[in-house]
Amino acid sequence: VQLQASGGGLVQAGGSHRLSCAATGSVSIIDAMHWFRQAPGKQRELVATLTSGGYTYYADSVKGRFTISRDNAKNTVYLQMNSLKPEDTAVYYCNAEVVEVVMGLYKTYPYWGQGTLVTVSS
């Protein structure tokens with residue numbers, strides 16, 4: 001399984017931008033999909049989560065501005081970012097929890113995308 005993130009770039013403060021992350025390979029079932037970010041000099045933090053059951057989670061810093069969505073047919077997760085702020089500048093990583101059958105048992109494994117840089121200029 002491989003995750004390919006795309007959509008990073010330079011955005012002006014107050015603007016909008018959308019990130020995409022597609023899972024390819026032997027993907028059967030994807031449980032939750034997440035977006036994380038890591039700003040320079042800071043730890044990686046969870047930004048948003050969307051489970052297969054439709055549960056969503058947003059970090060307080062992005063709540064009301066960011067929206068996570070997914071296209072199950074394409075095994076793709078999106079992050080719509082609105083009202084961007086300079087403090088949103090970071091490398092954004094997608095993560096997918098993929099369900100695999102191992103010796104007759106269902107197990108979940110995390111996979112990471114390569115990261116895509118979003119720079120918000122003031």
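Excluded from the calculations below are hydrogen atoms, water molecules and symmetry mates; all remaining heavy atoms, backbone and side chain alike, are included.
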**OP:** Considering non-hydrogen atoms only, spot the tightest contact between A32 and T49 and give its length.
**Re:** CB-CG2, 4.5 Å

Subject >> Side chain proximity check, R44 to V91, heavy atoms < 4.5 angstrom >> reply: no

Original post:
Is there side-chain contact between I68 and Y58, with at least one heavy-atom pair below 4.5 Å?
Top reply: yes

Subject >> Y78 with Y93, same ILVMFWY side-chain cluster at under 4.5 Å >> reply: no

Original post:
How about Q80: does its CD atom have over 12 heavy atoms from other parts shown lying under 6.0 Å from it?
Top reply: yes

**OP:** Please tell me if the side chains of D88 and M81 come closer than 4.5 Å, counting only heavy atoms from C-beta onward.
**Re:** no

Subject >> Heavy-atom check, side chain of Y92 versus side chain of L79, under 4.5 Å >> reply: yes

Original post:
Would you call K42 and R37 a side-chain contact if the rule is heavy atoms closer than 4.5 Å?
Top reply: no

Original post:
Does the side-chain contact (heavy atoms from CB on, under 4.5 Å) test come out yes or no for N95 and E97, once each step is laid out?
Top reply: CA-CA 7 Å; N95 171 284; E97 297 178 26; 4.1 Å; yes

Subject >> For H34 against L46, the heavy-atom pair lying closest together >> reply: CB-CD1, 3.9 Å

Original post:
Rounded to the nearest 0.5 Å, what separation is found between the CD atom of Q12 and the OG atom of S122?
Top reply: 9.5 Å

Subject >> Exercise: identify the closest heavy-atom pair between A96 and L3 >> reply: N-CD1, 3.6 Å

**OP:** Determine whether V98 and M103 fall in the same hydrophobic cluster, where Ile, Leu, Val, Met, Phe, Trp and Tyr are linked whenever their side-chain heavy atoms lie under 4.5 Å apart.
**Re:** yes

Subject >> Cluster overlap L105 with V99, hydrophobic side-chain contacts below 4.5 Å >> reply: no

N/O donor-acceptor pairs under 3.5 Å from side chains in residues 108-115, not counting sequence neighbours:
| unit_1 | atom_1 | unit_2 | atom_2 | d |
| --- | --- | --- | --- | --- |
| Y111 | OH | E100 | OE2 | 2.7 |
| Q114 | OE1 | A5 | N | 3.1 |
| Q114 | NE2 | A5 | O | 2.9 |

Sequence neighbours left out, cut at 3.5 Å: what donor-acceptor pairs do the side chains of residues 13-26 make with other protein atoms?
| unit_1 | atom_1 | unit_2 | atom_2 | d |
| --- | --- | --- | --- | --- |
| S16 | OG | N82 | OD1 | 2.9 |
| H17 | NE2 | G7 | O | 2.3 |

**OP:** Quick one: closest heavy-atom pair of K74 and T76, and the distance?
**Re:** O-OG1, 2.9 Å

Subject >> Value rounded to 0.5 Å, distance of CG in L117 from CG in L10 >> reply: 9.0 Å

**OP:** State plainly whether one hydrophobic cluster holds both Y106 and V102, where clusters connect Ile, Leu, Val, Met, Phe, Trp and Tyr through side-chain heavy atoms under 4.5 angstrom apart.
**Re:** no

Original post:
Do F36 and V47 touch side chain to side chain, with heavy atoms closer than 4.5 Å?
Top reply: no

**OP:** Examine distances only and state if a side-chain atom of T116 and a backbone atom of G8 form a donor-acceptor pair shorter than 3.5 Å.
**Re:** yes

Original post:
Can you check whether S121 reaches V11 side chain to side chain, under 4.5 Å on heavy atoms?
Top reply: no

Subject >> Spacing of L84 atom CG and T119 atom OG1 [to the nearest 0.5 Å] >> reply: 11.0 Å

